Asker: 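Dumping the structure here so I can ask a few things about it.
If you're wondering where the values come from, they're calculated on a predicted model, not measured in any experiment. All values below were derived from every heavy atom in this structure, side-chain atoms included, with hydrogens, water molecules and symmetry-related copies excluded.
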Amino acid sequence: MSQVGSAPVTMDAHDGEADELPPPPPVPANVVPIKADDVESEVPANKPAKPKRFPMARPGLGRKGQPIQLLANHYKVSVKSSEEYFFHYNVILKYEDDRPVDGKGVGRKVIDKLQQTYRSELSSKDFAYDGEKSLFTIGALPQVTNEFTVVLEDVSTGKTAANGSPGGNDSPGGSDRKRVRRPYQTKTFKVELCFAAKIPMNAIAQAIKGQESENSQEALRVLDIILRQHSAKQGCLLVRQSFFHNNPNNFVDLGGGVMGCRGFHSSFRGTQSGLSLNIDVSTTMIVKPGPVIDFLLANQKVDHPDRIDWQKAKRALKNLRIRTTPVNSEFKIIGLSDRNCNEQMFSLRQRNGNNGDVDEVEVTVYDYFVKNKGIELRYSGNLPCINVGKPKRPTYFPIELCSLIPLQRYTKALSTLQRSSLVEKSRQKPQERMSVLNDALRHSNYDSDPMLRASGISIAQNFTQVEGRVLQPPKLKAGNGEDIFPRNGRWNFNNKKLIQTCSVDKWAVVNFSARCDVRNLIRDLIRNASAKGIQMAEPFDVFEESPSLRRAPVSRRVDDMFEQIKSKLPGAPKFLLCLLPERKNCEVYGPWKRKCLAEFGIVTQCLAPQRVNDQYLLNLLLKINAKLGGINSLLQIEASPSIPLVSKTPTIILGMDVSHGQPGQSDRPSIAAVVSSRQWPLISKYRASVHTQSPKLEMMSSLFKPRGTEDDGLIRESLIDFYTSSGKRKPDHVIVFRDGVSESQFTQVINIELDQIIEACKFLDEKWSPKFTVIVAQKNHHTKFFQSGSPDNVPPGTVVDKQVCHPRNYDFYMCAHAGMIGTTRPTHYHVLHDEIGFSPDDLQELVHSLSYVYQRSTTAISVVAPICYAHLAAAQVGTFLKFEDMSDASSSQGGHTSVGSVPVPELPRLHEKVRSSMFFC
């Protein structure tokens with residue numbers, strides 16, 4: 001059974017695709033689910049039902065900025081008008097005995113064979129089949145219900161396996177005689193195609209006009225299914241709308257038995273200039289094909305089979321597919337044998353030479369293959385066997401006869417090293433990416449696809465020309481009233497001071513066994529601080545970790561350090577500089593942050609002092625200054641307050657994000673963060689509130705949490721902090737930036753989440769009705785822009801709201817940052833709701849300006865700062881929770897276990913001394 005079409009639909013952090021989310025957790029037995037899209041059902045009977053909100057229409061186009069000619073990786077698609085219909089059939093696949101077919105990948109083979117066998121009964125119709133339950137044709141099939149019997153040669157029967165069953169067709173011995181007479185084992189399937197719906201093909205034209213209906217979305221889905229099927233027939237691995245060919249030129253080794261595999265995303269989109277085909281480069285991870293033993297050695301980074309940890313090996317191999325020699329059959333691994341190959345026994349049925357009776361003898365797997373089959377085994381004897389049987393009926397193969405087949409997805413979390421290797425090796429400069437995409441379209445040969453042709457689709461061969469605009473960078477203010485003029489998305493503080501500086505006194509240094517000259521580091525830090533206007537006293541002391549504790553449990557190391565601090569300092573320090581031995585994934589980081597921020601309310605800055613120079617120390621001071629309440633630079637329009645609609649009316653800006661555990665950590669709680677602006681009319685100062693929620697839940701569940709007369713939600717804290725920090729003013733405008741939701745969830749954001757925010761406002765003051773603007777920011781999309789006639793990335797400040805945007809809804813693409821490496825990925829902003837009433841220019845300018853208020857760097861960033869801060873806050877507070885290392889536990893084929901109603905661990909509340917600080921900076 002081949003792997004084609006069986007890509008597990010797991011959310012993949014490395015894919016850059018978030019169109020489909022993992023399934024929601026099961027509903028607990030005692031809960032009646034509320035349909036998410038049925039907001040009215042939550043309203044008590046005596047209240048009038050709330051009208052449902054929909055994403056707003058585009059009010060107009062922006063005009064500001066210098067025009068620039070661009071190319072987009074969208075290919076124009078022309079569609080012939082047609083009165084025909086797509087007919088949708090449900091596919092029901094069963095075995096002969098009416099068991100449902102559960103194996104993935106077999107569906108496509110069965111449907112292909114069905115088409116060959118019953119060509120005339122099906123009026124020679126072409127199919128578009130999604131590999132699972134849906135099949136589409138153009139025009140109806142002759143019957144409403146179509147039942148067929150399909151016989152497939154079963155390629156994956158165990159001809160020479162050591163099979164522990166007492167007989168049966170595929171037990172060794174019993175099958176030898178049969179193989180002479182019957183070259184194949186066949187499998188019979190029953191297929192039912194039941195009519196489900198019909199979709200007018202002219203719904204494609206509706207999608208292009210932006211008249212979105214159930215039909216228009218379904219019609220585009222049919223076209224995407226045709227693209228998937230086209231690639232499946234070429235033997236590709238399919239991951240949602242991305243396709244990966246089995247071509248070693250596209251593989252890069254990431255170490256640990258994992259390869260990065262380059263492929264292509266392709267999907268149809270309705271845009272302002274009609275239907276377009278969006279093609280982009282996509283990367284996924286696959287298991288290194290080849291001998292199983294080589295994979296295990298690489299995966300565990302050992303040099304000899306004797307050093308393999310077989311429990312780990314079992315987890316890594318489960319559900320992977322292998323091909324066995326010498327018979328070339330294919331199987332799925334279900335586990336390993338309990339004993340080694342030369343000790344593992346099974347019952348072999350043999351014919352008695354004298355009277356023809358069948359006897360059963362116990363033999364080892366090793367002896368069976370070497371003596372009965374005459375296969376030489378060089379090293380498998382004292383290693384476990386691979387089990388490809390059924391749970392109660394094992395079937396064993398010596399490990400050296402097994403090879404992993406190509407194109408099998410690796411869905412566990414990557415290590416830091418693998419991840420950086422993947423990013424480095426999959427980078428492409430704009431020119432290279434353009435030529436790769438044009439080649440991809442030519443090689444895909446879509447014009448030859450009978451279903452696309454029959455749908456009246458033809459695809460242009462060139463990128464779409466797009467008109468963009470480059471916005472002027474905002475001016476910034478530094479200390480002493482000096483101006484900063486960013487150029488190419490960057491600026492610096494050379495010979496300038498920070499605009500509002502903190503003083504660093506009552507501080508100390510702690511060193512968790514980092515190798516460094518601490519005295520020099522402190523001297524250079526104080527010198528650099530003074531140059532930027534920060535008054536930094538000498539530290540009270542340097543606390544070195546006792547060498548005997550380096551191997552101690554991490555909680556003990558942190559507690560011991562605090563005991564030292566308490567015994568030697570006269571009072572609680574205001575700030576602690578913490579030196580760590582390694583940059584990434586240092587085990588001390590989470591427990592240390594938790595102790596400082598949650599228990600004691602002490603601001604802390606960690607660093608791993610490997611390559612420390614003045615530039616490094618300046619970056620460190622930018623973070624320290626922001627954490628201790630200073631501001632590094634301000635927008636000129638914020639200092640003079642002159643931001644349209646924001647500076648005149650009290651306005652709070654929220655950044656909201658939910659971060660999930662990495663793939664393979666399916667039972668980690670998700671972490672929801674809300675970041676909010678403070679000290680209006682500033683838009684450069686923020687604070688954060690963070691909660692845990694059910695694993696993999698994308699919608700925020702704790703914005704409003706009434707408990708009697710209290711509200712424990714995230715929004716209330718933000719509103720009260722705004723009020724106290726902004727001269728006792730309530731915000732009359734609320735601007736929400738929401739990250740990480742796909743288009744299918746937009747209505748939930750503006751109905752469910754926005755309602756929770758409104759309720760939190762009403763809970764504070766029934767009469768208070770602020771105006772709301774809700775904007776979603778997406779990075780996980782596949783639209784890229786290129787400069788025509790230039791090898792460079794698009795300049796920072798590039799905005800596009802024409803040609804390739806939504807035909808009706810209010811969206812635009814913004815590249816605020818300078819793309820230094822690879823190809824710039826624009827941020828796609830969707831304005832779902834705008835009661836405040838920004839003009840398109842004012843809104844785009846505001847979004848652009850918010851990319852310049854990020855206090856950690858002297859560059860414009862690619863997405864508005866409040867969203868970046870929400871990521872940082874969620875990530876940092878997430879390290880407070882103690883997690884076991886789950887990365888090995890999930891099976892390689894993405895078996896997500898969902899936690900359902902298991903209560904998620906609560907996060908500790910931050911100490912009130914740091915609650916409103918930029919601790920996440």
Asker: Verify whether one side chain among His817 and Ser862 offers a donor that lies under 3.5 Å from an acceptor in the other.
Answerer: no

Asker: With a 6.0 Å cut-off (strictly less than), is the heavy-atom count around CZ of Arg678, excluding the residue itself, greater than 12?
Answerer: yes

Asker: Donor-acceptor pair, Thr271 side chain versus Val804 backbone, under 3.5 Å?
Answerer: no

Asker: Compute the centroid of each ring, for Tyr854 and then for Tyr869, and state whether the two points are separated by less than 6.0 Å.
Answerer: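 Close enough - the centres of the two rings lie under 6.0 Å apart.
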
Asker: For Thr501 and Gln535, test the side chains for any donor-to-acceptor distance below 3.5 angstrom and give the result as yes or no.
Answerer: no

Asker: Is the Tyr813 to His781 ring centre distance short of 6.0 Å?
Answerer: yes

Asker: For Arg63, does the CZ atom sit with more than 12 other heavy atoms under 6.0 Å from it, leaving out its own atoms?
Answerer: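 No, not enclosed.
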
Asker: Is there a side-chain contact between Phe812 and Val800, using heavy atoms and a 4.5 Å cut-off?
Answerer: no

Asker: Is any NZ, NE, NH1 or NH2 atom of the basic residue among Lys574 and Asp505 found under 4.0 Å from an Asp or Glu carboxylate oxygen of the other?
Answerer: yes

Asker: Checking Asn793 side chain against Gly822 main chain: does a donor-acceptor pair fall under 3.5 Å?
Answerer: yes

Asker: Among Val853, Leu682, Asn625, exactly one meets side chain to side chain contact (heavy atoms under 4.5 Å, CB included) together with Ile631. Which residue is that?
Answerer: Leu682

Asker: Identify the heavy atoms of Cys502 and Ile534 that sit nearest to each other, and give their distance.
Answerer: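 What the structure gives for the nearest pair is O-CG2, 3.5 Å.
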
Asker: Without swapping roles, check the side chain of Asn528 against the backbone of Lys532 for a donor-acceptor pair under 3.5 Å.
Answerer: no

Asker: If we only count heavy atoms from C-beta on, is the Tyr616 to Arg611 side-chain gap below 4.5 Å?
Answerer: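 Not in contact.
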
Asker: Take Ser725 and Trp680 through the side chain to side chain contact (heavy atoms under 4.5 Å, CB included) test and state the conclusion after the steps.
Answerer: CA-CA 8 Å; Ser725 69; Trp680 174 83; over 6 Å; no

Asker: Identify the heavy atoms of His74 and Thr464 that sit nearest to each other, and give their distance.
Answerer: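 Minimum heavy-atom separation between His74 and Thr464: O-OG1, 2.5 Å.
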
Asker: Would you say Thr773 and Phe838 make side-chain contact, with heavy atoms under 4.5 Å?
Answerer: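 Yes, side chains in contact.
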
Asker: Taking only Lys NZ, Arg NE, NH1 and NH2, and the carboxylate oxygens of Asp or Glu, determine whether Arg738 and Asp657 approach each other closer than 4.0 Å.
Answerer: no

Asker: Under 3.5 Å, is there a donor-acceptor pair between the side chain of Ser420 and the main chain of Thr416?
Answerer: yes

Asker: Could you tell me the separation between the CD1 atom of Ile758 and the CD atom of Glu753, rounded to the nearest 0.5 Å?
Answerer: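 Here the rounded value is 12.0 Å.
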
Asker: Can we say Asp739 and Lys779 salt-bridge, meaning some charged N sits less than 4.0 Å from an Asp/Glu carboxylate O?
Answerer: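 Between Lys779 and Asp739 there is no salt bridge, as every charged N stays at least 4.0 Å from the carboxylate O atoms.
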
Asker: Closest heavy-atom contact between Gln855 and Ser633?
Answerer: NE2-O, 3.5 Å

Asker: Starting at CE of Met699, measure out to CG of Leu703 and round the result to the nearest 0.5 Å.
Answerer: 10.0 Å

Asker: Consider only side-chain N and O atoms of Gln693 and His691, and report whether a donor and an acceptor are under 3.5 Å apart.
Answerer: no

Asker: Evaluate Asp732 against Thr651 for side chain to side chain contact (heavy atoms under 4.5 Å, CB included), listing each step before the verdict.
Answerer: CA-CA 6 Å; Asp732 290 323; Thr651 301; over 6 Å; no

Asker: Once rounded to the nearest 0.5 Å, what's the spacing between atom CD1 of Ile653 and atom OG of Ser718?
Answerer: 13.0 Å

Asker: So does Asp834 pair up with Lys771, basic N to acidic O under 4.0 Å?
Answerer: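 No, Asp834 and Lys771 are not salt-bridged.
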
Asker: Under the side-chain hydrogen bond (donor to acceptor under 3.5 Å, both in side chains) criterion, do Gln272 and Lys802 qualify, and how do the steps go?
Answerer: CA-CA 7 Å; Gln272 290 137 310; Lys802 290 183 185 168; over 6 Å; no

Asker: Is it true that a side-chain atom of Gln787 and a backbone atom of Leu70 form a donor plus acceptor pair closer than 3.5 Å?
Answerer: no

Asker: Could you point out which residue of Leu620, Val504, Leu607 forms a side chain to side chain contact (heavy atoms under 4.5 Å, CB included) with Leu525?
Answerer: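 By the side chain to side chain contact (heavy atoms under 4.5 Å, CB included) criterion, Leu525 pairs with just one of Leu620, Val504, Leu607: Leu620.
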
Asker: Tell me if the CD atom of Glu835 is crowded by more than 12 foreign heavy atoms within 6.0 Å.
Answerer: yes

Asker: Within the side chain of Arg58, is there an N or O that forms a donor-acceptor pair under 3.5 Å with the backbone of Asp811?
Answerer: yes

Asker: Going through the distances and angles, do Val658 and Ile671 end up as a side chain to side chain contact (heavy atoms under 4.5 Å, CB included)?
Answerer: CA-CA 5 Å; Val658 178; Ile671 295 178; over 6 Å; no

Asker: For Gln465, look at atom CD and say whether over 12 heavy atoms of other residues, nucleotides or ligands are found less than 6.0 Å away.
Answerer: no

Asker: What's the separation between atom CZ in Phe722 and atom CD1 in Ile715, rounded to the nearest 0.5 Å?
Answerer: 13.0 Å

Asker: Are Cys606 and Lys593 side-chain neighbours, meaning at least one heavy-atom pair lies under 4.5 Å?
Answerer: yes

Asker: Assess whether side-chain hydrogen bond (donor to acceptor under 3.5 Å, both in side chains) is satisfied between Glu717 and Ser689, documenting all intermediate values.
Answerer: CA-CA 7 Å; Glu717 282 183 36; Ser689 304; 2.9 Å; yes

Asker: May I ask you to check whether over 12 heavy atoms, not counting those of Arg583, lie within 6.0 Å of atom CZ?
Answerer: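 No - once you tally the heavy atoms of other residues, nucleotides and ligands closer than 6.0 Å, there are 12 at most.
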
Asker: Counting distance only, does the side-chain N/O of Arg469 pair as donor-acceptor with the main-chain N or O of Lys64 below 3.5 Å?
Answerer: yes

Asker: Would you confirm whether the ring centroid of His830 sits within less than 6.0 angstrom of the ring centroid of Tyr810?
Answerer: no

Asker: Tell me the closest heavy-atom pair linking His848 and Tyr852, and the distance in Å.
Answerer: O-CD1, 3.4 Å

Asker: Any chance you could measure Ser857, atom OG, to Leu622, atom CG, to the nearest 0.5 Å?
Answerer: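 Ser857 atom OG to Leu622 atom CG measures 8.0 Å (nearest 0.5 Å).
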
Asker: Measuring from atom CG of Leu580 to atom CH2 of Trp592, what distance do you get when rounded to the nearest 0.5 angstrom?
Answerer: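 If we round to the nearest 0.5 Å, Leu580:CG and Trp592:CH2 are 9.0 Å apart.
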
Asker: Quick one: does any side-chain atom of Asp801 pair with a main-chain N or O of Gly62 as donor and acceptor, under 3.5 Å?
Answerer: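 Side chain of Asp801 to backbone of Gly62, a donor-acceptor pair under 3.5 Å: yes, one is there.
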
Asker: Look at Glu638 together with Lys685 and state whether they make a salt bridge at an N to O cut-off of under 4.0 Å.
Answerer: no

Asker: Any chance you could lay out the side chain to side chain contact (heavy atoms under 4.5 Å, CB included) test for Leu846 and Asp842, step after step, and finish with the verdict?
Answerer: CA-CA 6 Å; Leu846 176 65; Asp842 287 347; over 6 Å; no

Asker: Only one of Pro650, Pro731, Cys761 clears side chain to side chain contact (heavy atoms under 4.5 Å, CB included) with Pro770; which?
Answerer: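 Option passing the side chain to side chain contact (heavy atoms under 4.5 Å, CB included) with Pro770: Cys761.
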
Asker: Looking at every heavy atom in both Thr823 and Lys429, which two are closest together, and how far apart are they?
Answerer: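 Minimum heavy-atom separation between Thr823 and Lys429: OG1-C, 3.7 Å.
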
Asker: So, Ser677 side chain and Ile652 main chain: donor-acceptor pair closer than 3.5 Å or not?
Answerer: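 Not at all, since once roles are kept as given, no pair shorter than 3.5 Å links the two residues.
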
Asker: Salt bridge check: are Glu482 and Lys477 linked by an N-O gap of less than 4.0 Å?
Answerer: no

Asker: Would you give me the side-chain donor-acceptor pairs under 3.5 Å for residues 486-499, sequence neighbours excluded?
Answerer:
unit_1	atom_1	unit_2	atom_2	d
Asn492	OD1	Asn494	N	3.1

Asker: When you measure from the side chain of Ser530 to the backbone N and O of Ile526, does any donor-acceptor pair fall under 3.5 Å?
Answerer: no

Asker: Please find the pair of heavy atoms, one from Pro55 and one from Ile750, that lie closest to each other, and give the distance.
Answerer: N-CD1, 3.6 Å

Asker: With sequence neighbours excluded, what pairs up with Asp792 under the salt bridge (charged side-chain N to carboxylate O under 4.0 Å, His left out) test?
Answerer: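 Per chain and number, Asp792 pairs via salt bridge (charged side-chain N to carboxylate O under 4.0 Å, His left out) with no residue.
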
